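Residue indices begin at 1 and follow the sequence shown. What you are looking at is a predicted structure, and each value in this text was computed from that prediction instead of being measured.
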Amino acid sequence: MRPKKPETTGEDDLFRARLDQIINLKHELVQLGARIDWDWIDGEIAPLYSEKGRPGIESRFVISLLLLKHIYGLSDEDVCERWVYDPYFQHFTGFEFFQHEFPHERSDLSHWRKRLGDKLELLLAESLRVAHETGALRTRDLQRVTVDTTVQPKAITFPTDAKLVHAAIRGLNRLVRGHGVRLRQSYLRIAKQAAMMAGRYAHSKQFKRHRRQLRLLRSRLGRLIRDIRRKIAGQPELEAAFEQPLSRAAQIRSQEQRQRGYKLYSFHASEVECIGKGKASAPYEFGVKASIVTTNARAPGGQFVLHAKALPGNPYDGHTLGAVIEATETLTGCAIERAYVDKDYRGHKTENPRRVFISGQKRGVFGVIKRELRRRSAIEPVIGHLKSDGHLGRCHLKGREGDAANVLLTAVGHNLRLVLAWLRLLLPLILNALMRLLAAPAELKWVC
């Protein structure tokens with residue numbers, strides 16, 4: 001059932017402190033909360049609810065918590081903990097009086113991320129609308145864009161063969177304990193010792209001993225798989241529960257270090273892909289590819305992210321350009337005149353009349369286009385801020401849906417950080433202008 005809207009009395013309470021009497025109402029977070037159209041967001045997510053059942057949590061409360069998490073780069077636990085003692089956080093989430101306890105469960109954030117799904121793009125569109133309304137983003141800034149891809153790493157350890165086999169043994173034992181299946185032997189102690197010694201031998205370049213420990217791990221994993229299959233034979237419920245984990249374990253046991261084709265890089269996160277971006281510091285990264293679109297010119301409030309999307313399957317950059325440009329135009333409502341990309345987009349199939357310029361291109365590059373093409377590399381620090389200040393540098397959310405949500409919410413957090421900085425800067429400028437206007441008549445009169 002749709003959540004009820006929070007009720008505000010507008011009256012004083014002898015036993016509770018009103019937030020508007022505690023905080024500074026000129027604070028940039030207070031101004032941002034007043035400019036976001038919460039009613040529009042609530043109306044857009046209304047189809048996600050059923051007409052029956054218990055009323056859900058207020059949409060403004062959970063969505064504003066997600067925004068605060070990605071604005072300040074916090075985890076789910078940290079944003080809930082900070083909410084208790086930060087009155088600005090409570091005011092931003094729509095509360096009227098100061099609260100001493102968190103009113104809901106932390107897991108509600110995870111449930112809401114799953115529920116919103118594709119609707120998270122509404123938050124990115126709203127962040128751009130707020131930026132345009134405050135003057136931090138102009139309409140002409142949306143017509144020339146820069147497009148690039150990066151890798152969003154997953155929160156996994158570096159996948160070596162020994163680590164993967166050891167993780168498969170531990171994962172199968174956890175699943176067995178959860179379903180009450182009795183094994184002949186767990187091999188946990190032997191696997192832990194073998195994985196540790198395999199890492200030491202590989203570090204000291206004693207590869208013959210390293211391969212011996214790896215064979216030991218694989219043989220024990222094979223015994224574990226066969227033992228589980230014998231114990232669950234003829235039990236349809238257990239066979240269904242163990243089907244996917246056993247197939248992952250068998251894949252990890254059979255794959256080699258330099259084999260071609262499909263490989264698993266994590267036992268618990270099978271969606272992880274190995275992506276090579278040609279970096280000297282990190283030749284290969286393990287996660288998902290993400291497409292980022294920013295303004296080419298620096299807007300008054302900074303360089304905003306116009307579109308962000310996870311690209312599972314590691315597609316070629318040039319094959320994604322047309323769809324990314326169309327999605328950006330749909331999100332912003334403004335036609336793109338020029339797009340600037342790097343050499344990874346050579347061979348793209350975008351249609352005219354769009355003009356796509358690739359770095360290093362000479363034909364047709366002159367005047368304004370040449371200056372704008374030089375600004376293509378300005379997207380790199382934006383991606384750096386998304387990774388260092390936001391959560392793009394390491395995704396802790398589960399599955400492909402978590403990858404997509406993390407990319408979008410990180411872009412929203414980046415845009416709202418720029419808006420907060422713009423509002424923080426704008427207030428002193430307005431006060432200085434008013435002071436000059438008030439002082440101007442007196443100066444003119446004295447001169448006369």
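- Shown here are the side-chain contact (heavy atoms from CB on, under 4.5 Å) partners of H348, two or more places apart in sequence or in another chain: L321, T350, V356, I358.
- The stretch residues 207-225 participates, sequence neighbours left out, in these side-chain hydrogen bond (donor to acceptor under 3.5 Å, both in side chains) pairs: Q206-R209.
- Qualifying side chain to side chain donor-acceptor pair (under 3.5 Å) partners for D317, counting only residues two or more places apart in sequence or in other chains: T149, K289.
- When the salt bridge (charged side-chain N to carboxylate O under 4.0 Å, His left out) test is applied to E380, no partner is found at least two apart in sequence or on another chain.
- Note on residues 387-419: pairs passing ring pair (Phe, Tyr, Trp, His ring centres under 6.0 Å), not counting sequence neighbours, are H70-H391.
- For L373, the side-chain contact (heavy atoms from CB on, under 4.5 Å) partners at least two apart in sequence or on another chain are Y340, F357, V365.
- A donor-acceptor distance shorter than 3.5 angstrom exists from the side chain of T160 to the backbone of K163, with no hydrogens or angles considered.
- The side chain to side chain donor-acceptor pair (under 3.5 Å) test applied to R144 returns E337, E372, not counting sequence neighbours.
- Sorted by first and then second residue, the ring pair (Phe, Tyr, Trp, His ring centres under 6.0 Å) pairs involving residues 161-195 (not counting sequence neighbours) are H179-F242.
- Listed by chain and number, the residues in a side chain to side chain donor-acceptor pair (under 3.5 Å) with S291 amount to none (sequence neighbours excluded).
- Listed by chain and number, the residues in a salt bridge (charged side-chain N to carboxylate O under 4.0 Å, His left out) with R230 are D227 (sequence neighbours excluded).
- Annotation: salt bridge (charged side-chain N to carboxylate O under 4.0 Å, His left out) contacts of R35 (sequence neighbours excluded): E133.
- The aromatic rings of F102 and F61 sit tilted relative to each other, their planes meeting at an angle between 30° and 60°.
- With sequence neighbours left out, the side chain to side chain donor-acceptor pair (under 3.5 Å) criterion links R376 to no other residue.
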